[in-house]
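Along the sequence shown, residues carry numbers from 1. Computation of the quantities below employed the complete heavy-atom set of this structure, encompassing side-chain atoms and omitting hydrogens, waters and symmetry-equivalent molecules.
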Amino acid sequence: MKKSRRHDLKTNVLSVYIQQTYEAIGQYANYIIGGVVVVVVILVAFMIVQRNRQATMDQAQKTYYEIRTGDVFEKPDLIDQAGRLAAEQGIDTELGAKAAELQANLAYNLAMSMGIGDREKKVARLTEAKQIYEQLLTKVVDRPAAAARLKMSLAAVVESLQVLGKGEVEPVRQLYQAVIAGDDASFKSIAEQKLKTLDERMIPLKVLATQPASAPATGPAAQVATLPAPPPVRVNLEPVTETQPAQ
């Protein structure tokens, strides 16, 4: 009898609890449904944002590839396109850094194709490349391979500016020494060769750089100007994440 009574009491308590729960759910049903709807909307919005972000990244990668495979000698505006891509992505991002280095590489290559008559444009392009390489170097202090590659590229640019009387030999020497003393071995042998012949390469160029601009065409300045310059150091069109030596 007592056992049956206890069973009835437990049943009644459970029934009351279920009834109260049902009433509570009915009372807050609109809030619950609203909460579910909000969660679904947030999830859908997140998926759309992620999809759009991926599409934007895919397009940026495609743009980078098209610029990188383009011919800067026929389309000099590729330099500006690379600059815009770098600005859009941000130089702190992987693609942004790659685009910035590509911009500098293209500017250097275009400058090295210019003749004596385009001296100002040549200096401007080399200065543009120099500034970009210097900026990129501040971002890769913990990446020895990328730092070594950028220093070699910067050394080529500074050396070219020195040829035009717009730089000093010592910064070039310091860049090669830094590569030799660095942790990455990819460019050490090249840097050692460049450093060993640096003074020799600069001998005729120092004479050229010190000639007065007003010298007559038939004077010594004109004769020195016809001397062939040492072959330029071509910069490798490789992204920051790669470690192939500059040629």
Side-chain angles (χ1 to χ4, degrees), residues 49-73 75-114 121-161 166-167 171-172 174-179 181-184 186-187 190-191 232-247:
V49 169
Q50 287 294 101
R51 185 180 62 183
N52 291 341
R53 183 177 299 174
Q54 185 60 47
T56 301
M57 179 58 65
D58 291 343
Q59 181 58 47
Q61 292 281 5
K62 180 181 178 181
T63 300
Y64 171 80
Y65 178 78
E66 291 174 346
I67 297 172
R68 189 167 182 261
T69 55
D71 189 343
V72 71
F73 307 113
K75 300 179 179 179
D77 63 315
L78 289 174
I79 299 173
D80 295 331
Q81 292 181 32
R84 286 194 295 270
L85 180 60
E88 290 171 0
Q89 297 298 313
I91 198 172
D92 291 323
T93 66
E94 181 180 358
L95 181 57
K98 288 167 60 178
E101 185 174 359
L102 177 59
Q103 179 189 7
N105 292 343
L106 293 175
Y108 170 77
N109 289 336
L110 182 61
M112 298 310 294
S113 71
M114 295 178 180
K121 293 181 180 179
K122 188 169 188 174
V123 169
R125 287 301 187 185
L126 289 172
T127 302
E128 177 184 3
K130 177 177 178 289
Q131 293 172 347
I132 295 172
Y133 288 136
E134 289 175 340
Q135 184 180 12
L136 287 171
L137 274 171
T138 66
K139 306 294 182 180
V140 295
V141 291
D142 58 340
R143 296 164 58 190
R149 185 180 65 255
L150 288 170
K151 287 174 183 176
M152 290 295 292
S153 299
L154 180 58
V157 171
V158 177
E159 188 169 334
S160 298
L161 285 170
K166 294 294 184 178
V172 182
Q174 293 174 358
L175 284 166
Y176 288 139
Q177 290 172 341
V179 173
D183 295 331
D184 183 76
S186 302
F187 299 91
I190 299 176
V233 181
R234 300 292 288 181
V235 179
N236 206 27
L237 296 183
E238 297 298 332
V240 171
T241 54
E242 297 179 16
T243 59
Q244 295 184 8
Q247 300 299 319

Which heavy-atom pair separates [X] from [Y] by the least distance, and what is that distance?
{"X": "Ala100", "Y": "Ala86", "answer": "N-CB, 3.6 Å"}
{"X": "Ile67", "Y": "Ala82", "answer": "CD1-N, 3.7 Å"}
{"X": "Ala111", "Y": "Lys122", "answer": "O-CE, 3.1 Å"}
{"X": "Ala104", "Y": "Ala129", "answer": "O-CB, 3.5 Å"}
{"X": "Asn109", "Y": "Phe73", "answer": "O-CE2, 3.4 Å"}
{"X": "Ala155", "Y": "Val172", "answer": "O-CG1, 4.1 Å"}

Are [X] and [Y] packed together at the side-chain level, in the sense that at least one heavy-atom pair is separated by less than 4.5 angstrom?
{"X": "Gln81", "Y": "Leu85", "answer": "no"}
{"X": "Arg149", "Y": "Met152", "answer": "no"}
{"X": "Leu110", "Y": "Leu106", "answer": "no"}
{"X": "Lys166", "Y": "Leu126", "answer": "no"}
{"X": "Arg84", "Y": "Asp80", "answer": "yes"}
{"X": "Lys98", "Y": "Gln89", "answer": "no"}
{"X": "Val179", "Y": "Leu175", "answer": "no"}
{"X": "Tyr133", "Y": "Asn105", "answer": "yes"}

Return the [atom1] to [atom2] distance between [X] and [Y], rounded to the nearest 0.5 Å.
{"X": "Glu101", "Y": "Arg68", "atom1": "CD", "atom2": "CZ", "answer": "9.5 Å"}
{"X": "Asp142", "Y": "Asp183", "atom1": "CG", "atom2": "CG", "answer": "11.5 Å"}
{"X": "Ile91", "Y": "Leu136", "atom1": "CD1", "atom2": "CG", "answer": "4.0 Å"}
{"X": "Gln131", "Y": "Gln103", "atom1": "CD", "atom2": "CD", "answer": "10.0 Å"}
{"X": "Ile132", "Y": "Leu150", "atom1": "CD1", "atom2": "CG", "answer": "11.0 Å"}
{"X": "Arg143", "Y": "Asp184", "atom1": "CZ", "atom2": "CG", "answer": "11.5 Å"}

Would you mind checking if Glu134 and Lys130 are paired as a salt bridge, meaning a charged N to carboxylate O distance below 4.0 Å?
-> yes
